[in-house]
Amino acid sequence: MCRIRPSLAFLLVCCSATCALAGIGFRSSGSGFESIGAGPATFVSAHRVEMRFANTGAMLAMRTLGASAAAHAVVEARGADTALPTRVRYREILPGVDVAYYWAHNQPDGSNLEYDFILAPHANLRGVRLAFEGARYVRVAPDGDLVLGVRDGEVRQTRPVAFQNGRALPASFRLDGNLVSFEVPGYNPNEELIIDPVFRYASFLGGSNWDYPRKIATDTAGRVFIVGETNSPNFPVTADAPRKRCGADGLCDGLSDMFVTRLGPNGALEYSTYLGGNAHDTLVAIALGAAGEPYVAARTSSTDLPLDRHMGPNAAASPAARIVKLAPDGSVAFSFGFTDEDARFALIDFGVDAEGFLYLLTSLRTNRPPASSKWYRLSPDGSRVLSRVVLPWVARSMVVSPSGEVTLVGDAQPEHGVVASGGFQVAFGGVADGFVASYNSAGRLLASSFLGGPGYDRLDSIEAGPAGDFYVTGFTEQVFEPMLNPLSPNAQTTLVARISPDLRTLSYVVGLGTREPASIKPAPDGALLAVTPGQPGRLYRLNAEGSAFSSVSIIPVVATQSTGGVAVAADSEGRAWVTSWTSAESQGQASFMTPPPSTPGAAQ
């Protein structure tokens, strides 16, 4: 079956098991713009499907816009590094109906387009009808998706969402023969209506004060876990939550409390709970066990946490870290505290292997010698420390394989005295280099490598891909070979890279053209999802070879680096799930609409 991400534009090209969106490029033409084909590579005997407006018989996207274009089309946004448009709104394609087309990657030279229908008050919703010429059949699936039959399978477009006056409304496809229209029951015809077939669902999650998401994860059943901190005494918790009060006083003790929330595949709230104590608690990581059970790791200053045990080289002191395993219903299966031998060492990351052994990363969190980090391997119940490895460099993130191999990333400087062995780059590059190292479960070094050029470089995060490759992200102040930088010529940039399981091969290193830090997650097909904060934020999808971005989407509302968190996860079908922080103030700066919408059936 052929499936595409539901950012349907004007042209679908399907061949064998591959479907691609053919896009539209724009070049300057007097005071207007002329549309030109800029689609994917040519396919042999490809199946071509065109989306047309049934009322006009024209494929709007291929219309030539000359000097009189200003009367019909408005360029609403342009690329940061070019004068070419990235968002074009066509006026009155039908009476009272505008259509806004925009590049999914905010650049006018790729192949993915998205679209919104914008209906003025009193416009005829029934008049918006689409014909898909070339499709063998058109049907609406039981889940509400629009399904187009092509020669080699089916192409799906996700059920649409409608928005009116900042509210999400239920919407659906309506099929009349082979013509497709939209139904939006209960909408007010006296107000503007926006129909957007892109989002799977969107939801608020939070209370009356600030709520800060740190991490997001998905399991094989399509459920979504969101973890972070909150200062809201009325954060939404479920009736059977193990902790229903924020802090000891129910008012978050004037600080913050952790939360754990699980949403169902349709966005419904399945369970949600506070998970902190009487002082400050900071969420560090979430990891899913072999059966999908969530483990939550946090730094804490609370003294009233219920703990099954307290472990670590300095167990006599108050616990500085807390590990919690949750049962399927959200209750606490077990919880233990951990304290490093040096109080300056803080919990940085956490992981679990297929047999349930637990892995903790702590760090002194300084680049000045003597820099040091440590990782520990603990028994599944947290009762015994089985391995302890001291690192003479600053580790910032780790990933644990099902068999218990530990791979860490961070940065090293010449004065750290770090030596790389068996990796793709054994020579130190410059002022500071990113560093990656792999160990077996007993703590024996398997391989290590630098990653960097002549300037300052660091690695911030690491994830494991479906084939065992490692995906990393970090920062460089100077583009270096063999870095690709297709989005921007800026020297300082956030980087992403793919490394072979044995660390001997650097598959690619790519600059994202932004200085904002990235949250990353590999997709099942080897592509990389990366989300960066900002207003607007961006969701990147880099192909498995690192040679091209298949899409770069604008996220309607996302936190800035200084004001909130952002994270991404990928499900088993390769869909991206993004969580971010927002506020009443930042909503007014959203890319598309304010406030950000919640979809029907979602948590809030």
Side-chain angles (χ1 to χ4, degrees), residues 201 203-253 255-279 281-298 300 302-309 319 322-337 350 352 356 358 380-382 567 569 571 577 579 598-604:
Y201 72 71
S203 175
F204 289 117
L205 179 67
S208 56
N209 292 340
W210 60 262
D211 312 283
Y212 187 107
R214 291 277 187 180
K215 302 289 183 179
I216 184 171
T218 59
D219 65 13
T220 55
R223 292 171 298 204
V224 180
F225 298 84
I226 302 171
V227 294
E229 293 110 52
T230 179
N231 184 243
S232 297
N234 60 342
F235 186 89
V237 297
T238 44
D240 56 352
R243 191 167 187 130
K244 300 182 178 65
R245 290 164 55 89
C246 186
D249 62 357
L251 298 174
C252 307
D253 300 306
L255 299 167
S256 67
D257 207 344
M258 295 184 299
F259 69 84
V260 179
T261 299
R262 190 179 78 188
L263 306 179
N266 64 347
L269 187 66
E270 293 188 343
Y271 69 68
S272 185
T273 182
Y274 293 109
L275 208 61
N278 61 1
D281 305 289
T282 301
L283 194 288
V284 170
I286 181 172
L288 300 184
E293 67 278 21
Y295 295 78
V296 176
T300 182
S302 296
T303 59
D304 65 339
L305 295 173
L307 301 174
D308 294 320
R309 61 186 55 87
R322 185 190 184 202
I323 311 299
V324 179
K325 179 182 179 180
L326 297 178
D329 63 355
S331 61
V332 176
F334 75 77
S335 173
F336 71 90
F350 170 81
V352 58
L358 311 176
D381 62 356
D571 64 17
W577 300 88
T579 182
S598 293
T599 52
Q604 242 180 305

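Only a predicted model underlies this, so the values are computations on that prediction, with no experimental measurement involved.
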**Q.** Sole candidate of L326, V260, T273 that passes side chain to side chain contact (heavy atoms under 4.5 Å, CB included) when paired with P242
**A.** T273

Q.
I need the single residue from T300, T282, L275 that forms a side chain to side chain contact (heavy atoms under 4.5 Å, CB included) with M258. Which is it?
A. L275

Reported [atom1]-to-[atom2] distance for the pair [X] and [Y], which is rounded to 0.5 angstrom:
| X | Y | atom1 | atom2 | value |
| --- | --- | --- | --- | --- |
| K325 | Y295 | NZ | OH | 3.5 Å |
| N209 | C252 | CG | SG | 7.0 Å |
| R322 | F350 | CZ | CZ | 13.0 Å |
| S302 | L307 | OG | CG | 10.0 Å |
| R262 | D219 | CZ | CG | 7.5 Å |
| K215 | I286 | NZ | CD1 | 10.5 Å |

Pairwise side-chain contact, [X] with [Y], heavy-atom cut-off 4.5 Å (strictly under):
| X | Y | answer |
| --- | --- | --- |
| S232 | C246 | no |
| L283 | V296 | yes |
| L263 | L269 | yes |

So which atom in [X] and which in [Y] form the shortest heavy-atom distance, rounded to 0.1 Å?
| X | Y | answer |
| --- | --- | --- |
| S331 | D329 | OG-OD1, 2.7 Å |
| P380 | L358 | O-CD1, 3.8 Å |
| P236 | G207 | CD-N, 4.4 Å |
| A241 | S272 | CB-O, 3.3 Å |
| A217 | A569 | CA-CB, 4.0 Å |

Q | Test log, rule side chain to side chain contact (heavy atoms under 4.5 Å, CB included), inputs L205 and F235 | A | CA-CA 8 Å; L205 179 67; F235 186 89; 3.8 Å; yes

Regarding [X] and [Y], do their side chains bring together a donor and an acceptor under 3.5 Å, going by distance alone?
| X | Y | result |
| --- | --- | --- |
| D257 | T230 | no |
| T218 | D571 | no |
| N231 | S256 | no |

Q: Could you label the plane-to-plane angle of the F336 and F334 rings as parallel, tilted or perpendicular, counting under 30° as parallel and over 60° as perpendicular?
A: parallel

For [Y], is there any backbone N or O sitting under 3.5 Å from a side-chain donor or acceptor partner on [X]?
| X | Y | answer |
| --- | --- | --- |
| T579 | I216 | no |
| R245 | A248 | yes |
| E293 | P328 | no |
| R243 | G276 | yes |
| K244 | A239 | yes |

Q. Do the ring centers of Y274 and F259 come within less than 6.0 Å of each other?
A. no

